[in-house]
Amino acid sequence: MSRELTLRLASAAVLVPIGLLAVWFGNAALAILAMICAALMAFEWARMVESSVGPLIIGGAVISNGLHLVDARWALIALAGIAALSAIIEHGRGFKSSALLGTLYTGGLPLAFQALRAQPEAGFALALGVMLASWASDTSAYFAGRQFGGPLLAPNDSPNKTWSGAIGGAIGSALVAISLGFTMDGPVLSWALVGVVVSISAQFGDLFESQLKRQYGVKDTSGFLPGHGGVMDRLDGFGTAAIVGLVTASFFPSLPSHLLGG
């Protein structure tokens, strides 16, 4: 077993139980974890882009995720307001502003997951589905890509991601989603589609961050998570999938009930 794989498994053994417990309890437990993740991601972003307003980016990400416990609307207002303020200050100091995107990105990903978990009726099922399916996608893509190789998925942005990995990730994600659907007496085909959508969303989010890292000339955003790199490296796809899940649930309010067999 390679050292990289050993580190990935060791990190997963710690992170998975923490994530599952936070989703199970929700509310304050999830908010605290979201605030910690937001703070670390914002720190990684500020260091990556060498921002002059790093503390403001971190503050915006953390405050908005904390406010979600009080009111989701105030959380969004705080995130947007601090993002705009950080961009104005950074631009005023002569920097090419990345603060707007950085604040929205590092604060918005965990905030979207909190909002997904807070959905009435099926919030727990949706959050758990996104979490497990995105983990399955990442793990399956890793092993499928190493096993089968083949053409690169996005050679200009990520030299390690292959089409075989992308397909393997979608299959693994769908299988986990189907298993979750069985436990909740939901329709198998619908849960399989959820798994595929989560995988595609997560992989898109991963590629988006790969493009950002390539732009700023970094390989990993930090070394906080051995085997994975930084917190942003770990949560980029997961957070993107949460955003897609939240938007989908908002546009199709009957979907959660359908997934639960209602």
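This one's a predicted model, so the numbers in the text were calculated from it and none came from an experiment. Note that the numbering runs from 1 along the sequence shown for the chain.
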**Report entry** Nearest heavy atoms of Met131 and Gly19, plus distance in Å
**Finding:** CE-O, 3.6 Å
**Report entry** Closest non-hydrogen atom pair between Leu33 and Ala22, with its separation
**Finding:** CD2-CB, 3.6 Å
Requested in this report: Take Leu40 and Phe224 through the test side chain to side chain contact (heavy atoms under 4.5 Å, CB included) and record every step on the way to the result.
Outcome: CA-CA 9 Å; Leu40 294 174; Phe224 287 140; 3.9 Å; yes
Query raised in the report: About how many Å separate CZ of Phe43 and OG1 of Thr106, when rounded to the nearest 0.5 Å?
Result: 12.5 Å
Requested in this report: Kindly compute the distance separating CG (Leu109) from CE (Met41), expressed to the nearest 0.5 Å.
Outcome: 4.5 Å
Query raised in the report: Between CG of Leu56 and CD1 of Ile58, what distance do you get to the nearest 0.5 Å?
Result: 10.0 Å
Quick one: side chains of residues 110-118, donor-acceptor pairs under 3.5 Å with protein atoms, not counting sequence neighbours, listed by atom name and distance.
unit_1: Gln114; atom_1: NE2; unit_2: Asn65; atom_2: O; d: 3.0
unit_1: Gln114; atom_1: NE2; unit_2: Asn65; atom_2: OD1; d: 3.1
unit_1: Arg117; atom_1: NE; unit_2: Val23; atom_2: O; d: 2.7
unit_1: Arg117; atom_1: NH2; unit_2: Val23; atom_2: O; d: 3.2
unit_1: Arg117; atom_1: NH2; unit_2: Trp24; atom_2: O; d: 3.3

Report task. Could you walk me through whether Ile82 and Ile57 pass the side chain to side chain contact (heavy atoms under 4.5 Å, CB included) test, one step at a time? Result -> CA-CA 8 Å; Ile82 297 176; Ile57 296 174; over 6 Å; no
Query raised in the report: Are any side-chain N or O atoms of Gln119 and backbone N or O atoms of Leu246, one a donor and one an acceptor, separated by less than 3.5 Å?
Result: no
Report task. Evaluate the side-chain proximity of Asp236 to Tyr105: yes if any heavy-atom separation is below 4.5 Å, no if none is. Result -> yes
Report summary line: Rounded to the nearest 0.5 angstrom, the CZ-CZ distance for Phe25 and Phe124 is 10.5 Å
Requested in this report: Verify the cluster assignment for Phe252 and Val247: are they in a single hydrophobic cluster under the rule of side-chain heavy atoms below 4.5 Å apart?
Outcome: yes
Query raised in the report: Under the side chain to side chain donor-acceptor pair (under 3.5 Å) test, which residues partner Thr139, sequence neighbours left out?
Result: none
Please tabulate, for the side chains in residues 172-179, all donor-acceptor contacts under 3.5 angstrom to protein atoms that are two or more places apart in sequence or on a different chain.
unit_1: Ser173; atom_1: OG; unit_2: Ala133; atom_2: O; d: 3.1
unit_1: Ser173; atom_1: OG; unit_2: Gly195; atom_2: O; d: 2.6
unit_1: Ser179; atom_1: OG; unit_2: Leu175; atom_2: O; d: 3.0

Report task. Return yes if some donor-acceptor pair links the side-chain N/O of Thr183 with the main-chain N/O of Leu180 below 3.5 Å, else return no. Result -> yes
**Report entry** Shortest non-hydrogen contact from Gly169 toward Ser140
**Finding:** CA-CB, 3.8 Å
Report task. Return the minimal non-hydrogen interatomic distance between Pro256 and Pro253, and the atom names on each side. Result -> CD-O, 3.3 Å
**Report entry** Within one Ile-Leu-Val-Met-Phe-Trp-Tyr cluster: Val14 and Leu132, side-chain cutoff 4.5 Å
**Finding:** no
Query raised in the report: If you round to the nearest 0.5 Å, how far is CE of Met35 from NE2 of His68?
Result: 13.0 Å
Query raised in the report: For the residue pair Leu225 and Gly230, what are the closest heavy atoms and their distance?
Result: CD1-O, 3.8 Å
Requested in this report: Enumerate the residue pairs fulfilling side-chain hydrogen bond (donor to acceptor under 3.5 Å, both in side chains) with a member in residues 159-169, sequence neighbours excluded, ordered by first and then second residue.
Outcome: Ser158-Lys161, Lys161-Asp206, Thr162-Ser164
Query raised in the report: Between Leu126 and Val130, is any pair of side-chain heavy atoms under 4.5 Å apart?
Result: no
Query raised in the report: Taking atom CD1 of Ile200 and atom OG1 of Thr240, what is their separation to the nearest 0.5 Å?
Result: 13.0 Å
Requested in this report: If a pair satisfies side-chain hydrogen bond (donor to acceptor under 3.5 Å, both in side chains) and one of its residues is in residues 217-226, list it, with sequence neighbours excluded.
Outcome: Glu44-Thr221, Glu44-Ser222, Thr221-Asp233
Report summary line: Between Cys37 and Val231 the two heavy atoms that sit nearest each other are O-CG1, 4.1 Å
**Report entry** Same apolar cluster (I L V M F W Y, side chains within < 4.5 Å links), Met184/Val197
**Finding:** no
Requested in this report: Hey, could you give me each pair passing side-chain hydrogen bond (donor to acceptor under 3.5 Å, both in side chains) that has a residue in residues 185-205? Not counting sequence neighbours.
Outcome: Ser137-Ser199, Ser190-His258, Ser199-Gln203
Report task. Could you tell me whether the side chain of Leu207 reaches within less than 4.5 Å of the side chain of Leu153, counting heavy atoms only? Result -> yes
Query raised in the report: Among the clusters formed by ILVMFWY side chains lying less than 4.5 Å apart, do Leu15 and Leu30 turn up in the same one?
Result: yes
Query - Val244 reachable from Leu255 in the ILVMFWY side-chain graph, under 4.5 Å edges - result: no
